[in-house]
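Quick note on labels: first sequence line is chain A, next is B, and so on, each numbered from 1. Reckoned from all heavy atoms, side chains included, excluding hydrogens, waters and symmetry mates.
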Amino acid sequence: MSSRVLVTAALTYANGSPHIGHLLEAIQTDVYVRARKLAGEDVVFMWAADTHGTPIQLKARDLGIAPEELIKQIHADHLEVYRGFDLGFDIYHTTHSDETKFHAEQVFRAIEQAGGVETREVQQLYCPHDQMFLPDRFVKGTCPKCHSPDQYGDNCEKCGATYDPTDMKEPACSLCGTKPVLKGSEHLVVPLGKHETFLRSWLAKEGSTQLQESVRNYVMTWVDGGLRDWDISRDEPYFGFEIPGHPGKYFYVWFDAPVGYIGATQKWCNDNNKNVDDYWRSTPADTEIVHVIGKDIVYFHCLFWPAMLNAAGYTVPSRVQVHGWLTINGEKMSKSRGIFISGRAYLEHLPPAYLRYYLAAKLGSGQDDLDFNFEDFVNRVNADLVKKAANLASRCIKFIGGRLGGTLGEPADDAAQLLATAATRVQEAKDLYAAFESGRALRKAMEIAEDFNLYLTNAAPWKLTKSDPERARAICSAGVMASKLIAAILKPVLPRWAEQLETMLGLPAPLTFANAAEPLPAGLELGKYTALAEPIDIKKLEAIMEASVPKPPPEPEPERSFDYEVEPLAAETSIDNFVPIDLRVGLVTACDKVKKSKKLLQLTVDLGPLGTRNIFSGISQSYAPEELVGKKVVVYANLKPRKMRFGLSEGMVLAAGADDTAITVLELHDRARPGDRIT
RNA sequence: GCCGGGGUAGCUCAGCUGGUUAGAGCGGAGGAUUCAUAACCCUCAGGUCGGCGGUUCAAGUCCGCCCCUCGGCACCA
């Protein structure tokens with residue numbers, strides 16, 4: 001066992017408030033940390049907000065405030081929400097800090113001195129109006145392949161072509177519309193190929209790094225496919241740290257973001273009289289470094305990050321634990337479609353314990369996606385927490401309090417075996433937690449509750465209050481003891497539950513995995529029972545989701561503001577340009593999903609006297625096929641038929657919407673006749 | 001197309017290195033009980049363990065092929 005353990009959750013990007021997806025990871029990390037602490041290990045949870053990069057810079061500009069001000073506000077918000085969920089991090093720092101800057105520079109200098117940094121001349125689009133180089137997604141223009149207008153600088157959503165923003169026709173800055181110019185710039189790159197030997201050993205199956213098998217395989221495909229150079233610099237203006245010795249160049253946000261882990265540790269060490277080198281200049285055998293991340297950032301944490309650390313002489317991670325995505329009622333989260341839960345909205349309606357329990361109960365060590373299902377949530381919380389665990393404590397403590405003078409006795413002999421099994425389960429749970437198997441660990445607690453609820457029913461102490469009160473006391477005392485063991489297992493997930501029970505039982509010391517099985521003294525005066533968990537109603541969850549979705553502004557302000565952007569208005573034109581476009585009323589008579597296609601639906605559209613058409617439309621992410629059947633839609637009917645992979649598309653169905661998942665097909669009133677021209 | 005994960009009772013899932021009549025939780029049906037937060041306890045699911053072949057004395061459990069589904073990649077990191 002290492003003498004020290006340092007755990008991190010991924011840094012939350014400081015451009016918004018944490019949502020339930022962030023909380024999944026935070027809770028997973030917190031449960032892991034608390035469990036290992038409860039096991040008596042020296043564990044710290046180092047965390048921070050990720051504050052640099054173009055999106056934050058631009059958001060601050062839109063709000064008319066300095067980026068420093070923006071991230072300060074957001075940091076405060078993160079801290080409040082995360083504390084609200086009882087997350088036991090030792091620090092929630094920020095990457096925009098002296099400590100992170102210091103270590104980012106250290107890492108960079110070390111790599112540079114070892115000859116690990118090279119320069120490359122990069123030609124990039126530059127907006128003379130905004131006076132900045134434009135990342136690919138900030139360029140809009142016409143696709144060089146299919147000539148669709150208004151596509152992003154990296155690929156075309158219409159034809160799927162990929163290209164360089166410099167290849168686009170009529171490129172424009174997406175911020176101001178100005179035509180960007182091509183400008184050369186020198187970038188600093190780290191040729192990752194130089195670190196291949198190290199990375200292979202770090203990733204090796206036989207090595208000491210703990211990685212999920214699927215993660216290891218995934219990363220190895222990158223290594224085997226040839227490691228590319230990593231561009232670590234960005235030109236000013238860029239919200240971040242200037243690179244030492246390279247004026248006007250800034251660290252790319254992904255260079256300094258993970259260094260935020262070290263920065264947070266440095267700050268915490270400064271404040272707590274510890275030595276940062278014990279953590280980050282140690283050997284993995286001496287200090288475990290465990291990163292909990294989502295599957296989107298595996299690339300950074302399993303390639304760049306260990307390579308950087310190793311090259312700069314820092315401790316490399318000993319474990320990277322990857323989790324999947326959170327879906328809500330089986331659907332991907334999406335603010336625009338109202339499928340979204342913010343941490344803040346949750347806290348306004350429900351106690352954090354339920355979410356912590358639900359997510360921890362569903363989490364295992366795999367990286368499967370996890371569904372937040374409302375019905376399941378209510379069932380699980382009510383059945384496990386309320387009906388099983390809380391009820392066991394309630395029936396025993398209340399029984400002793402109400403009928404037996406509130407004094408605990410020795411646990412009954414016939415419960416000894418069950419209590420021994422329960423004590424074993426606590427130890428098993430400890431190990432399960434350390435393996436990120438919180439779901440299984442919690443099951444152990446429920447097994448204890450099931451055992452003892454049954455035991456109590458069979459032993460029926462309520463029949464003995466008159467005839468044999470001491471026997472009744474012994475039975476219930478065993479139940480109280482079981483509740484204590486359950487609370488120990490629940491403690492990493494439900495710290496407040498454990499504290500409440502500690503108070504009711506008047507425990508001399510906080511519960512740990514080690515002391516959980518220590519007997520309670522006979523003669524102990526029990527405190528009054530206070531409810532450990534209350535049943536919840538599914539309506540609460542619906543209310544939370546509603547409250548999470550940004551509401552439209554109550555009254556239109558003099559200057560209307562929108563939370564979305566639309567394409568700029570096309571150039572003015574005459575009616576002559578409209579005439580050649582023949583739009584017709586079409587009745588959708590059949591509609592099916594296209595196999596092997598993510599976006600397409602295949603429609604059969606009746607144009608009345610003009611016959612029927614087969615039309616493919618990229619709206620499958622917004623419509624179920626059956627929704628469209630019987631609808632009257634607008635068809636661009638003289639559009640040249642287009643051969644697609646799945647067949648011939650004979651026209652186009654008109655629709656509105658920027659996002660593939662939020663498209664609205666134009667529908668006509670029922671009195672429109674199929675085939676009628678639209679003018 | 002390529003790479004991964006899945007496909008086991010109505011739902012969510014356990015089933016490790018193959019071995020008696022395939023399990024749990026939830027929901028549902030019935031019953032028992034009243035200490036407890038209408039809580040607890042008992043009984044009830046006759047499930048082709050996605051399909052087809054194969055290995056074996058023995059296969060959800062190993063091998064091959066196929067189907068379905070989810071995710072990732074293929075452009076960016």
Nearest-Å distance, [atom1] ([X]) to [atom2] ([N])?
X: A:D296; N: B:rC76; atom1: CG; atom2: P; result: 17 Å
X: A:F372; N: B:rU12; atom1: CZ; atom2: C1'; result: 15 Å
X: A:M220; N: B:rC3; atom1: CE; atom2: C1'; result: 14 Å
X: A:F377; N: B:rU12; atom1: CZ; atom2: P; result: 18 Å
X: A:E450; N: B:rG23; atom1: CD; atom2: C1'; result: 13 Å
X: A:Y358; N: B:rC26; atom1: OH; atom2: C1'; result: 11 Å
X: A:K388; N: B:rC26; atom1: NZ; atom2: C1'; result: 8 Å
X: A:E447; N: B:rC40; atom1: CD; atom2: P; result: 17 Å

**Message:** Mind checking if A:T221 touches a base, just sugar-phosphate, or nothing, with heavy atoms under 4.0 Å?
**Reply:** nothing
Hey, is the side chain of [X] poking within less than 4.0 Å of OP1 or OP2 on [N], counting only N and O atoms?
X: A:K387; N: B:rG27; answer: yes
X: A:R443; N: B:rC13; answer: no
X: A:R440; N: B:rG15; answer: yes
X: A:R403; N: B:rC35; answer: yes
X: A:K463; N: B:rU34; answer: no

**Asked** Between CZ of A:R228 and CG of A:L303, what distance do you get to the nearest 0.5 Å?
**Response** 11.0 Å
**Item:** Separation of A:L11 CG from A:H22 NE2 (nearest 0.5 Å)
**Value:** 10.5 Å
**Request:** Choose from B:rA36, B:rC40, B:rG27 the nucleotide whose nearest atom is closest to any side-chain atom of A:N379.
**Result:** B:rG27
**Item:** Candidates A:L532, A:V31, A:L385 - the one meeting side-chain contact (heavy atoms from CB on, under 4.5 Å) with A:L494
**Value:**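 One option only clears the test, and that one is A:L385.
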**Request:** Determine the Euclidean distance between corresponding C1' atoms of B:rG5 and B:rG50; express it in Å to zero decimal places.
**Result:** 15 Å
**Prompt:** Among side-chain atoms of A:Q500 and A:T530, is any donor-acceptor pair under 3.5 angstrom?
**Reply:**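 Judged by distance alone, the side chains do pair up.
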**Asked** Of A:F399 and A:K295, whose closest RNA chain B nucleotide lies nearer the 5' terminus?
**Response**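 Closest to the 5' end, via its nearest nucleotide, is A:F399.
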**Item:** A:W462-B:rC35 aromatic stacking (under 5.5 Å, under 30°)
**Value:**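 The base of B:rC35 is stacked with A:W462 (centres under 5.5 Å, planes under 30°).
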